[in-house]
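First the structure, in the form of C-alpha cells, and then the observations on it.
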Amino acid sequence: MSKTVRVVENILSANDRIAARNRGLLDKSKVVAVNIMASPGAGKTSTILATFERLKQDGIRLGIIEGDLASSIDADKAIAQGIPAVQINTGCCCHLESHEMQEALDQMPLDEIDLLVVENVGNLVCPTWWNLGEHLRVLIASVPEGDDKPYKYPVMYKGVDAVIINKTDLLPYIDFNMDYFKEGVEILNPGLVTFPISAKTGEGMDAWVEWLKTAIAETHEAGTPASAD
Ligand SMILES: Nc1nc2c(ncn2[C@@H]2O[C@H](COP(=O)(O)OP(=O)(O)O)[C@@H](O)[C@H]2O)c(=O)[nH]1
Ligand SMILES: [Mg+2]
Ligand SMILES: [Zn+2]
C-alpha cells in the first residue's frame, strides 16, 4: 500500500473516531442530526427554512449548523427565523469534518433541540466521505442542474438516505427527464426514496416533511433503550 493511501486512511479513521463521539453526545441529548448535502445553489438553505416552518408548527425544536467557505449569510437567515444557529467557515475546505461538528455541538443548546440540521458545504464530490456523527443524510438535487447528475456523481447518491429534487416549479422551462433521473438513483441506491419538491411554491413539501418526521421518530426509538423510559 502506498504512503499516500495510508495517510488518507489515517485521516478518515481519525475523523470517524470524533464522529462516534459526536453521535454519542447527540444520542445522550436525544437530538437527531440530519446532514444536508448538495451543490452550491441547489436550494439547501431554502429547503431547510421551508422545512423548519412546517416542523415548528408540530412543536419540533430545531437547530442548525451552517457550513460554508465564508460568510454567515445562511446562519443569519436561520437566526432571523428564531432558530439557534452556528456558522462554520471552512476557509478553502470543500466539506465539513467531524472536529468542526464537535466544535459546533459545543456551542449548541442540545437539551433544547429535537432536530439538528447540518447544511454541508456546497459540493457534490466529497462530503459523504466525511462522517460527522449524523443519523441521516439527505442529498438535494435541483432541476436546473440537469437530470444526469446521479450518473456523474455516483458516490454522493450511494451515501445518502433520501434524495430531494428541488425547483420543480422550473420543470416547464428546463429539459429535465424525471424518469431518467430516478432510474439513475435506483441503479446506485436501490429503493432510495426521492422527493420532488419546490421550496419556492411548497409543492411536494408535505411528503418530504412526513418522511422526515417518521425518520426522526424511528431514530429516537432506535437510540433509546426500552428500559430508559
Ligand atoms: N425557482 C426556484 N428557485 C429556488 C428554489 N429553491 C431555491 N431557489 C433559489 O435558488 C437559489 C439558491 O438557493 P439557496 O437556498 O441559497 O441554495 P444553497 O446554496 O444550496 O443553500 C436562490 O436564489 C433561491 O431563491 C425553488 O424551489 N424554485
Ligand atoms: Mg445555503
Ligand atoms: Zn472535500
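Indexing begins at 1, ligand by ligand and atom by atom, following the structure's order. Numbering starts at 1 and runs along the sequence shown. Just so it is clear, the model here is predicted, and its values are computed rather than measured.
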I'd like to know whether ligand 1 has Gly41 as a neighbour, heavy-atom separation below 4.0 Å.
yes
Closest non-hydrogen protein atom to atom 5 (C) of ligand 1, residue and atom name please, with distance?
Lys167 CG, 3.6 Å
Heteroatom proximity flag, Lys77 to ligand 1, N/O under 3.5 Å:
no
Filtering Ser46, Ala199, Ser142 for the heavy atom nearest atom 25 (O) of ligand 1 leaves Ser46
Return the orientation label for the Trp130 and His95 ring planes: parallel under 30°, perpendicular over 60°, tilted otherwise.
parallel
Flag Thr47 as yes when one of its N or O atoms lies below 3.5 Å from any N or O atom of ligand 1, and as no otherwise.
no
For Asp74, what is the atom name of its N, O or S atom nearest to the Mg ion (ligand 2)?
OD2
Checking Asp27, Asp161, Asn35 against His135 for side chain to side chain donor-acceptor pair (under 3.5 Å), the one that qualifies is Asp27
Just by distance, with hydrogens left out, do Thr90 and Glu100 show a side-chain donor and acceptor under 3.5 Å apart?
no
Determine if the distance from atom 21 (O) of ligand 1 to the closest protein heavy atom is below 4.0 Å.
yes
Donor-acceptor pair, distance only, cut-off 3.5 Å: does the side chain of Asp114 make one with the backbone of Ile60?
no
Given the Mg ion (ligand 2) as the apex, I'd like the angle to OE2 of Glu119 and OG1 of Thr45, rounded to 10 degrees.
90°
I'd like to check whether Ile197 has a polar contact with ligand 1, where a contact means an N/O of the residue lying under 3.5 Å from an N/O of the ligand.
no
Ile174 atom CD1: more than 12 heavy-atom contacts under 6.0 Å
yes
Number of protein N/O/S atoms that sit closer than 2.8 Å to the Zn ion (ligand 3)
3
Under 4.0 Å from one or more heavy atoms of Glu119, ligand 1 contributes atoms 21 (O)
Going by the order shown, which atoms of ligand 1 are within less than 4.0 Å of some heavy atom of Thr45?
15 (O), 21 (O)
Would Phe195 and Val138 count as a side chain to side chain contact (heavy atoms under 4.5 Å, CB included) here? Give the steps.
CA-CA 11 Å; Phe195 296 103; Val138 177; over 6 Å; no
Would you say Val143 and Asp169 make side-chain contact, with heavy atoms under 4.5 Å?
no
Close-contact set for ligand 1 against Lys200 heavy atoms, below 4.0 Å
1 (N), 2 (C), 26 (C), 27 (O), 28 (N)
Specify side chain, backbone, both or neither for Asn166, according to which of its non-hydrogen atoms lie closer than 4.0 Å to ligand 1.
side chain
Which heavy atom of the protein is the closest neighbour of atom 28 (N) of ligand 1, given with residue, atom name and distance?
Asp169 OD1, 2.7 Å
For ligand 1, is there an atom lying under 4.0 Å from some heavy atom of Gly122?
no
